[in-house]
Amino acid sequence: MTEGPDSDQYGHVRLTTVEPDGQFITEVLPAKALPGGLVELLGSPGLVTGAAAGDVLVLRADGFHVVRRGPNNTVQVYADPPLDEHAMAWLAKAFETVGGYVEAPAERQFAVATVPTAAGREIVETIMAEAGEQIPGMEWQFGTA
């Protein structure tokens with residue numbers, strides 16, 4: 001865990017994984033250190049799959065393992081062309097209605113929605129089906145199983 005302002009508890013972790021197609025993915029996310037070498041994710045990954053904000057992880061040389069699932073699912077949204085202001089506003093409003101929130105890097109080639117698991121996968125699928133009608137060149141996936 002890299003150090004942050006409160007280096008004894010908060011900082012960033014580098015998550016790595018190998019996707020089914022063999023692609024190596026790495027991403028740096030905010031996290032909180034927990035006893036026993038565990039970390040709690042404070043943000044959801046937009047590229048790495050298998051975790052969401054609130055999950056408790058153990059970091060390994062070959063990646064990470066989720067020790068305890070938190071209260072959220074991750075929805076990863078990719079777009080070509082990049083997501084514009086309209087697309088980001090649409091996604092933010094849609095996920096806000098179910099208690100979620102959306103984040104994206106400045107270039108907006110992807111976005112990540114952190115959605116309470118309690119909202120259910122069906123509502124997420126409905127939101128994303130509508131999003132597909134609103135946002136050209138968009139693809140998405142659940143980032144958590």
Side-chain angles (χ1 to χ4, degrees), residues 1-83 87-132 134-135 137-145:
M1 188 153 167
T2 60
E3 295 183 6
D6 297 317
S7 61
D8 57 335
Q9 290 191 354
Y10 295 92
H12 292 83
V13 293
R14 182 177 307 274
L15 296 186
T16 57
T17 189
V18 178
E19 294 295 306
D21 65 1
Q23 184 178 9
F24 181 76
I25 305 285
T26 186
E27 187 168 0
V28 176
L29 294 163
K32 177 181 178 182
L34 300 175
L38 301 175
V39 296
E40 178 182 353
L41 284 183
L42 301 178
S44 292
L47 301 172
V48 171
T49 58
D55 286 354
V56 174
L57 313 174
V58 62
L59 303 176
R60 300 177 175 169
D62 65 343
F64 65 93
H65 173 72
V66 176
V67 175
R68 185 180 73 236
R69 279 275 173 227
N72 299 303
N73 278 326
T74 301
V75 178
Q76 298 168 328
V77 181
Y78 309 97
D80 187 15
L83 299 160
M88 288 300 298
W90 194 97
L91 288 168
K93 184 176 179 181
F95 281 108
E96 195 174 273
T97 65
V98 295
Y101 59 93
V102 177
E103 301 172 283
E107 70 276 359
R108 296 192 189 136
Q109 290 178 318
F110 69 89
V112 59
T114 300
V115 186
T117 303
R121 291 174 79 88
E122 287 181 15
I123 191 71
V124 169
E125 291 170 349
T126 299
I127 288 170
M128 295 312 296
E130 268 187 65
Q134 301 288 322
I135 303 169
M138 185 201 77
E139 294 181 27
W140 72 279
Q141 67 181 7
F142 282 103
T144 45

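Only heavy atoms go into these numbers, but all of them, side chains included; no hydrogens, no water, no symmetry mates. Please read all numbers here as calculations on a predicted model, not as lab measurements. Position 1 is the first residue of the sequence, and the numbers go up from there.
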Item to complete: Please report the shortest heavy-atom distance between A31 and V39, naming the atom on each side.
Response: CB-CB, 4.4 Å

Item to complete: Just jot down the side chain to side chain contact (heavy atoms under 4.5 Å, CB included) partners of I123, sequence neighbours excluded, or say none.
Response: V98, A119, I127

Worksheet item: How about F110 and P105: do any of their side-chain heavy atoms sit closer than 4.5 Å?
Response: yes

Item to complete: Verify the neighbour count for atom CD of E125: are there more than 12 heavy atoms of other residues, nucleotides or ligands below 6.0 Å?
Response: yes

Worksheet entry | Minimum-distance pair of heavy atoms, taken over all atoms of V102 and A111 | CG1-CB, 4.0 Å

Practice prompt. To the nearest 0.5 Å, tell me how far L83 CG sits from Q109 CD.
Written response: 9.5 Å

Worksheet item: Which residues pass the ring-ring contact (aromatic ring centres under 6.0 Å, His included) test with W140, sequence neighbours left out?
Response: F142

Practice prompt. Identify the two heavy atoms, one from G46 and one from V112, that lie closest to each other, and give their separation to 0.1 Å.
Written response: CA-CB, 3.8 Å

Worksheet entry | Flag if over 12 foreign heavy atoms under 6.0 Å of CD, E122 | no

Item to complete: For R121, check salt bridge (charged side-chain N to carboxylate O under 4.0 Å, His left out) against everything at least two apart and list the hits.
Response: none

Fill in: Atom CD of E96: over 12 foreign heavy atoms under 6.0 Å
no

Worksheet entry | Distance-only polar pair, side chains of Y78 and Q76, donor-acceptor under 3.5 Å | yes

Discussion item. Working to the nearest 0.5 angstrom, can you tell me the gap between E27 CD and T16 OG1?
Written reply: 11.0 Å

Worksheet item: When rounded to the nearest 0.5 angstrom, what distance separates CG in L38 from NZ in K32?
Response: 12.5 Å

Worksheet item: If every non-hydrogen atom of T49 is compared with every non-hydrogen atom of T17, which pair is closest and at what distance?
Response: N-CG2, 4.4 Å

Worksheet item: With respect to S44, which candidate in T114, N72, N73 satisfies the side chain to side chain donor-acceptor pair (under 3.5 Å) definition?
Response: T114

Discussion item. I want to check something: taking the side chain as every heavy atom from C-beta on, are R69 and T144 in contact at a cut-off of under 4.5 Å?
Written reply: yes

Worksheet item: Looking only at heavy atoms, what is the nearest atom pair of L91 and A131, with distance?
Response: CD2-CB, 4.1 Å

Worksheet item: At what distance, to the nearest 0.5 angstrom, does CE of M88 lie from NZ of K93?
Response: 15.5 Å

Worksheet item: Rounded to the nearest 0.5 Å, how far apart are CG of L29 and CG of D55?
Response: 11.0 Å

Practice prompt. Of all the heavy-atom pairs spanning A51 and F64, show the shortest one and how long it is.
Written response: CB-CE1, 3.9 Å

Discussion item. Within the 4.5 Å heavy-atom criterion, are L15 and L47 side-chain neighbours or not?
Written reply: no

